[in-house]
Amino acid sequence: MKRNKIKTILSSEAARPSVLLKGWVRTRRDAKTFSFIEINDGSCLNNIQVIADDQLENYEQIKKLSTGSAVSVTGTMHDSPGKGQQWEIHAIKIEIIHIAQDDYPLQKKRHTDEFLRTISHLRPRTNKYGAAFRLRSRLCFAIHQFFQDRGFTYVHTPILTGSDCEGAGELFQVTTLDMDNPPRTDGKTDYQHDFFGKTANLTVSGQLEGEMFALALGDIYTFGPTFRAENSHTSRHASEFWMVEPEMAFCDLAEDMDYAEEFIKFLVDFVMTHCASDLALFAKFVDKNLMKTLETIVSKNFIRLPYSEAISILNQSGKNFSYDVFFGADLQTEHERFLSEEHFKQPVIIYDYPKTIKPFYMRINDDDQTVAAMDVIVPRIGEIIGGSQREERLDLLETRMDETGVSRQDHWWYLDSRRYGSVPHSGFGLGLERMVMLVTGITNIRDVIPFPRTPGSIEF
RNA sequence: UCCCCAGUAGCUCAGUCGGCAGAGCAGGUGGCUGUUAACCACCGUGUCCGUGGUUCGAGUCCGCGCUGGGGAGCCA
């Protein structure tokens, strides 16, 4: 007999004559002639209650089942007379697979997130983290569905890269050289002897390679791990995270913003529809306003605000910001929070930023002062999407590269795309973890990554 | 990298003015009960983060360090 998942059993319309469950004991309570055992198998948030009668041949062993122990239960399904559940299982046979040691760190009460981070290998066994990682999985599925339904091609851009000047944060270097005794030329490490014959790094973005495929396959997306060696200790940054980067040919900035808004709404609506019970946990224990926030995102059109107007609103707000606001200044966290959380109280897309604060590949607008860039700002999270229309005009792109100190020689292949059938195209990047944070209300990125990597921390 | 806060039992935390180290939960034993973070009684638990100093005396005050957290910068 194949095992039944608890999710399937609990959602049954009618009682089944025979079930086989395998899972872990969450809690056990003894009655006079039987024992209540609550079992969880990870298929859903809820436990199933098993009634173990003292007539079972191994009842003395069953009474020793501690929290965390693994069991296999064969039994019959019945309406539960107790409160809190529709169904329960009357055990015919309980096979003890393993009894957890009594120093099992997870208790039948609330733990702090900080403590659970020190036991990342066990925390997915808790309600909250189980829900978070199930939800993360569903969100990844939804990301693929959104793009596949719209005819996008999934492209695997490289994780090892020879490019070292994309300007998106600090890079992790990858080498096979003997770090205690590297080959040297003129006193400096000679990377001609390294594995690839030059320096190599972990990717900080698949965008440039993604553009090459958009200019061949039309609409593409990348979705994979991304690495930043920035020494930042905040609740929103990790050294290893996942990023989704769609890239669309024949697409301008307005259409790019349309896609970004439609995408976020699709993902939020998807989890509201398909992850209702897990979401309910977050709405109850993590963020009381969660459902209201999500409904706002799905129902309201995102505000679209040129950067110059954002500057005006900030200057007229009467707020005393720590950082000055003027045309040419990068928007700080306090400014973004004011706009999305206080002024508009909903997602805002800010676009047409000054070229001086944006990278070389963004398309210059006719005013020659701004570029066709856009950031999607959401309450509580801040920037969740950053994107732009790309500069498709070879001469303007080369000028921008020279201005910003990006090597034309190293990017010869990138420039080739502007020589052979160059077309307007656009794309954006969405941080998966920030999306998980948005839909769960979890405030620390370390709690939405199974085994998070941050500066000074790579246990597990 | 900068600013702020914290570190006491397995976990969550209290510890007053510098004067014998505490509670709840978890664990153990017994009892009770179609129970729901079950309940009741009893029992055990310490490098008070480390280090140096002030003091008759430091968990408590001071210096340095480590670890964790919050915020900023940078960004997704």
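Letters A, B, ... mirror the listed sequences (proteins, then strands); counts begin at 1. Everything numeric in this text was worked out from a predicted model, so none of it was measured.
Side chain of A:Tyr323, nearest nucleotide from B:G34, B:G71, B:A72: B:A72. Side chain of A:Thr27, nearest nucleotide from B:U33, B:A38, B:G70: B:A38.
Using the six-membered ring where Trp is involved, A:Tyr259 and A:Phe152 have ring planes that are perpendicular, over 60° apart on the 30 and 60° scheme. Ring geometry for A:Phe223 versus A:Trp242: interplanar angle over 60°, hence perpendicular rather than tilted (30 to 60°).
Contact annotation: A:Arg446 side-chain N/O to B:G68 OP1/OP2 distance is not under 4.0 Å. Under 4.0 angstrom from either OP1 or OP2 of B:U36 there lies no side-chain N or O belonging to A:Asn47. Checking the phosphate oxygens (OP1, OP2) of B:G71, no side-chain nitrogen or oxygen of A:Thr234 falls inside 4.0 Å. Checking the phosphate oxygens (OP1, OP2) of B:U36, no side-chain nitrogen or oxygen of A:Arg29 falls inside 4.0 Å. For the OP1/OP2 pair of B:C74 and a distance below 4.0 Å, the side-chain nitrogens and oxygens of A:Gln332 include at least one atom meeting the criterion.
A salt bridge does not link A:Lys319 to A:Glu334: none of the charged side-chain nitrogens sits closer than 4.0 Å to a carboxylate oxygen. A:Asp113 and A:Lys128 are joined by a salt bridge, as a carboxylate oxygen and a charged side-chain nitrogen come within less than 4.0 angstrom of each other. A salt bridge links A:Asp447 with A:Arg123: at least one charged nitrogen is closer than 4.0 Å to a carboxylate oxygen.
Side-chain atoms of A:His111 and base atoms of B:C11 include no donor and acceptor less than 3.5 Å apart. Interface remark: the A:Glu114 side chain does not form any donor-acceptor pair with the B:G70 base, using a distance-only criterion of under 3.5 Å.
With a cut-off of 3.5 Å on both Watson-Crick or G-U wobble distances, the partner of B:A6 is given as B:U67. Base pairing of B:G19: its partner is B:C56, meeting the Watson-Crick or G-U wobble criterion (both donor-acceptor distances under 3.5 Å). Searching all strands for a Watson-Crick or G-U wobble partner of B:C39 with both distances below 3.5 Å returns B:G31. Searching all strands for a Watson-Crick or G-U wobble partner of B:U47 with both distances below 3.5 Å returns nothing.
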Expected rows: protein N/O vs nucleotides 25-28 of chain B N/O, under 3.5 Å:
residue: B:A26; atom: O4'; partner: A:Gln107; partner atom: OE1; Å: 3.3

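Remark: A:Arg150 is positioned above the aromatic ring of A:Phe146, its terminal NZ or CZ atom under 6.0 angstrom from the ring centre and at most 45 degrees off the axis.
Checked by atom type, the side-chain pair A:Thr76/A:His78 shows a donor-acceptor distance below 3.5 Å.
Among the atoms of the strands shown, base atoms are found under 4.0 Å from some heavy atom of A:Arg236.
Distance check on atom C1': B:C39 versus B:G34 gives 14 Å, rounded to whole Å.
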